[in-house]
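Below, chain A is the first sequence line, B the second, and so on; all start at residue 1.
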Amino acid sequence: MIKITLPDGSVKEFAKGSTPMDVAYSISSGLARAVISAKFNDTTVETSTPLEIDGNLTLFTFNDKEGKEAFWHSSAHLMAQAVLKFYPDAKLTIGPAIENGFYYDVDFGENAPTDKDFKKIEDKMIEIARGKHEFKKRALSKADTLNLYKSEKNPFKVELVENLEDGDITFCDHDDFTDLCRGGHIPNTGIIKAVKLTSLAGAYWRGDETKPQLTRLYGISFPKQKMLTEYLQMIEEAKKRDHRKLGKELELFTFSNKVGQGLPLWLPKGAALRETLENFLKKAQKKAGYQMVISPHIGQKELYVTSGHYEKYGEDSFQPINTPKEGEEFLLKPMNCPHHCEIYNNKPFSYKDLPIRYAEFGTVYRYEQSGELHGLTRVRGFTQDDAHIFCTPEQLNEEFKAVIDIVLYVFKSLGFKDFNAQISLRDPNNKEKYIGSDENWEKAESAIIEASKEKGLDTNIVYGEAAFYGPKLDFMVKDALGRTWQLGTIQ
RNA sequence: GCCGAUGUAGCUCAGGGGUAGAGCGUUUCCUUGGUAAGGAAGAGGUCAUGGGUUCAAUUCCCAUCAUUGGCUCCA
């Protein structure tokens with residue numbers, strides 16, 4: 001017998017080799033119907049995994065994050081299987097669960113599906129699901145796995161397997177489908193009752209622009225038809241809150257293709273709204289000891305070359321602006337930083353003058369990739385509420401915390417409740433792409449971490465997201481459709 | 001920039017090889033003690049732009065531009 005401890009602390013005895021499903025049955029048949037996956041001693045297990053030793057067991061249903069993940073990951077297997085029925089030559093790559101649903105990246109070669117093919121794939125998925133096929137895990141040696149995928153001429157899977165550690169490779173089978181997989185599946189396909197393919201997109205293999213582009217099929221599935229209907233209604237409801245729709249209806253802003261892509265035109269009502277917002281922000285800044293400055297919309301190319309921005313972002317700038325004089329080159333200002341530094345350089349300061357805080361509503365222009373433009377959230381001309389602080393290393397912590405305070409005050413005043421702070425640090429595996437000494441980086445990184453901690457921020461650390469010249473603290477908010485946007489940055 | 005979708009009246013959208021439709025809005029008039037009300041008449045579109053195929057294109061094909069879902073990028 002083995003002793004199984006449940007999350008409520010109760011301990012039950014089971015025969016050795018009992019499965020999480022057996023445990024679920026011992027609690028109630030309702031739970032047994034609903035249980036999707038489980039965690040045993042901090043490892044994800046299938047509901048059919050035999051338990052051989054004493055331990056802690058948590059059962060997950062669709063209501064749990066872990067349950068959804070297993071459900072959607074399993075649905076991705078199902079989708080891949082359905083896709084292969086129509087596109088037998090398609091090469092599968094990876095198919096994970098995501099926040100809302102799942103996707104599978106597939107190399108279709110010449111004949112990729114379009115959204116007109118969604119229906120038949122969905123229908124096939126439901127047909128397969130109704131077969132109530134069990135998900136079964138099995139192991140294969142690395143060599144055999146490599147041979148398998150080489151014989152199938154699937155370079156993507158070969159690459160994946162080559163990067164795995166030596167030893168047994170796990171596969172997951174259901175019906176006539178098998179896929180390389182770590183595990184974490186639902187008991188059988190039958191509990192997938194509703195399926196919808198939501199979109200189709202190109203996605204680079206391993207997220208790398210220089211690698212082949214695959215076709216990514218997005219989908220979502222539920223254990224009840226009603227849940228799918230509700231989800232789709234929720235999406236419709238969220239679309240009503242889209243700022244682009246509101247901007248049009250409320251006559252706040254517009255775009256004109258005669259002016260140019262990503263260059264918003266503020267209508268009278270929008271300009272009034274913006275003025276109110278700017279006044280509110282300026283008041284907060286002045287109260288916090290900032291001095292307002294104003295810098296021009298253009299600057300000599302050399303200014304940005306010196307700052308290092310040109311090398312990194314020159315190609316993404318509007319440049320150069322030619323003048324009647326031969327050899328002169330100007331850029332439309334892509335960032336305010338070098339301008340504020342020149343303002344600081346206007347005269348020598350004593351350390352007793354520090355900190356000096358400059359703030360500006362600085363309008364900048366960036367040649368963003370056309371596919372990246374999005375309403376007012378990603379544009380080619382926009383105004384930054386931008387500030388730069390010149391201080392001594394000893395003042396850094398206090399200054400940093402004071403900036404966090406302003407951000408929190410503004411967010412609170414504007415009603416942003418659901419946000420988190422992302423600490424963006426260097427990519428530890430690729431330190432060459434950053435400027436400055438290791439020592440200064442470490443100082444700056446620990447200063448951000450320290451200040452965020454002291455302010456009690458809800459943070460997560462992301463490596464590789466730092467700017468080339470320093471780490472950042474990014475405030476991320478979600479839009480009505482759950483997409484994350486960077487709304488404020490301290491660096 | 002890449003993959004996909006879309007571009008028809010002010011707005012939301014239907015249609016489809018033979019010179020355009022609906023609802024809402026709008027204009028004028030009528031009705032109505034109550035106003036996101038009813039009725040009548042009307043205005044408004046070279047069906048994104050430029051090529052091509054065709055006797056004929058808004059409808060098919062190609063390109064461009066813009067919008068949009070993702071990917072990549074995001075100072």
- Task: Classify the side chain of A/Y204 versus the base of B/rG1 as yes if they form a donor-acceptor pair under 3.5 Å and no if they do not.
- Result: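 Under the 3.5 Å cut-off, the side chain and the base do form a donor-acceptor pair.
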- Message: Quick check: any donor-acceptor pair below 3.5 Å linking the side-chain of A/R366 to the base of B/rC73?
- Response: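 In this structure, the two groups form no donor-acceptor pair.
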Is [X] touching bases, backbone alone, or none of the nucleic acid, heavy atoms closer than 4.0 Å?
X      : answer
A/A203 : sugar-phosphate
A/D316 : base
A/R206 : nothing

- State whether A/R378 places a side-chain N or O below 4.0 Å from either non-bridging phosphate oxygen (OP1 or OP2) of B/rC73.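 No.
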- Message: With a cut-off of less than 4.0 Å, is there a side-chain N or O of A/H374 near OP1 or OP2 of B/rG69?
- Response: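 Answer is yes, contact under 4.0 Å.
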With a 3.5 Å cut-off and sequence neighbours excluded, list the donor-acceptor pairs that the side chains of residues 89-96 of chain A form with protein atoms.
{"residue": "A/T93", "atom": "OG1", "partner": "A/D105", "partner atom": "O", "Å": "2.6"}

- Message: Applying side chain to side chain donor-acceptor pair (under 3.5 Å) to A/H185 and A/H77, what does each step give before you reach the verdict?
- Response: CA-CA 10 Å; A/H185 294 94; A/H77 278 237; 3.2 Å; yes
Residue pair [X] / [Y], side-chain heavy-atom distance below 4.5 Å:
X      : Y      : result
A/Y204 : A/L214 : no
A/R426 : A/E442 : yes
A/F156 : A/Y149 : no

- Task: With sequence neighbours excluded, give me every salt bridge (charged side-chain N to carboxylate O under 4.0 Å, His left out) pair touching residues 235-246 of chain A.
- Result: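 Pairs touching residues 235-246 of chain A that pass the test: A/E236-A/K239, A/E237-A/K240, A/E237-A/R241, A/D242-A/R244, A/K245-A/E249.
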Just compare [options] and give me whichever is closest to any side-chain atom of [X].
X      : options               : result
A/Y313 : B/rG1, B/rA75, B/rG70 : B/rA75
A/Y218 : B/rU12, B/rC71, B/rG1 : B/rC71
A/Q369 : B/rA75, B/rG70, B/rG1 : B/rG1

If I take atom [atom1] in residue [X] and atom [atom2] in nucleotide [N], what distance separates them, rounded to the nearest angstrom?
X      : N      : atom1 : atom2 : answer
A/L197 : B/rG69 : CG    : P     : 19 Å
A/D385 : B/rA75 : CG    : P     : 17 Å
A/H339 : B/rA75 : NE2   : P     : 17 Å
A/R216 : B/rC3  : CZ    : C1'   : 11 Å
A/E251 : B/rC11 : CD    : C1'   : 11 Å
A/R483 : B/rC74 : CZ    : C1'   : 16 Å
A/D208 : B/rC73 : CG    : P     : 8 Å
A/L200 : B/rA5  : CG    : P     : 8 Å

Please list, chain by chain and in numerical order, all residues satisfying ring-ring contact (aromatic ring centres under 6.0 Å, His included) with [X], sequence neighbours excluded.
X      : answer
A/F419 : A/F411
A/Y463 : none
A/F361 : none

For [N] and [M], measure between their [atom1] atoms and round to the nearest Å.
N      : M      : atom1 : result
B/rA9  : B/rG21 : C1'   : 10 Å
B/rC13 : B/rU8  : P     : 9 Å
B/rU54 : B/rU19 : C1'   : 16 Å
B/rC3  : B/rC11 : P     : 30 Å
B/rU6  : B/rU64 : C1'   : 16 Å
B/rU68 : B/rG34 : P     : 46 Å
B/rG52 : B/rC71 : P     : 40 Å
B/rA57 : B/rU49 : C1'   : 15 Å

- Message: My understanding is that only residues two or more places apart in sequence, or in another chain, count here; which of them pass side chain to side chain donor-acceptor pair (under 3.5 Å) with A/D123?
- Response: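 Testing A/D123 for side chain to side chain donor-acceptor pair (under 3.5 Å), a comparison that skips the adjacent residues, returns A/K119.
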- Item | Residues within residues 104-125 of chain A bordering RNA chain B, heavy-atom distance below 4.0 Å |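 Heavy-atom cutoff 4.0 Å gives A/D115.
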- Of all of residues 467-478 of chain A, which get a heavy atom below 4.0 angstrom from RNA chain B, listed by number?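 Those residues are A/A467, A/Y469, A/K472.
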Provide a list of protein-nucleic acid N or O atom pairs under 3.5 angstrom, restricted to nucleotides 60-67 of chain B.
{"residue": "B/rA66", "atom": "OP1", "partner": "A/Q261", "partner atom": "OE1", "Å": "3.1"}
{"residue": "B/rU67", "atom": "OP2", "partner": "A/Q261", "partner atom": "NE2", "Å": "2.9"}

Donor-acceptor pairs under 3.5 Å, side chain of residues 250-265 of chain A to any protein atom, not counting sequence neighbours: which ones?
{"residue": "A/S256", "atom": "OG", "partner": "A/K258", "partner atom": "N", "Å": "3.0"}
{"residue": "A/S256", "atom": "OG", "partner": "A/V259", "partner atom": "N", "Å": "3.4"}
{"residue": "A/Q261", "atom": "OE1", "partner": "A/R380", "partner atom": "NH1", "Å": "3.4"}

Give the table of side-chain donor-acceptor pairs shorter than 3.5 Å for residues 335-343 of chain A, with sequence neighbours excluded, one pair per line with atom names and distance.
{"residue": "A/N336", "atom": "OD1", "partner": "A/K333", "partner atom": "NZ", "Å": "2.9"}
{"residue": "A/N336", "atom": "ND2", "partner": "A/Q384", "partner atom": "OE1", "Å": "3.0"}
{"residue": "A/N336", "atom": "ND2", "partner": "A/D386", "partner atom": "OD2", "Å": "2.9"}
{"residue": "A/H339", "atom": "NE2", "partner": "A/Y304", "partner atom": "OH", "Å": "2.8"}
{"residue": "A/H340", "atom": "ND1", "partner": "A/H388", "partner atom": "ND1", "Å": "2.8"}
{"residue": "A/H340", "atom": "NE2", "partner": "A/E360", "partner atom": "OE1", "Å": "2.8"}

- What base-paired stems does RNA chain B take part in, with at least 3 consecutive Watson-Crick or G-U wobble pairs and both distances under 3.5 Å?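 Stem list for RNA chain B: B:1-7 with B:65-71, B:10-13 with B:21-24, B:26-31 with B:37-42, B:48-52 with B:60-64.
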- Assess the pair A/F382 and A/Y365: is the distance between their ring centroids shorter than 6.0 Å?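 Not under 6.0 Å, so no.
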- Item | Side-chain donor or acceptor of A/D179 paired with backbone N/O of A/C181 under 3.5 Å |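 Not a single qualifying donor-acceptor pair exists.
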- Query: Just by modelled atom types, is the A/Y218 backbone N or O under 3.5 Å from a matching donor or acceptor in the A/T198 side chain?
  - Reply: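 Present.
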- Item | Comparing A/H309 and A/G371 on RNA chain B - which has the more 5′ nearest nucleotide |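 On the 5' side of the pair lies A/G371.
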- Message: Using side-chain contact (heavy atoms from CB on, under 4.5 Å), reason through A/I321 and A/L331 one step at a time and then give a plain yes or no.
- Response: CA-CA 6 Å; A/I321 298 173; A/L331 258 58; over 6 Å; no
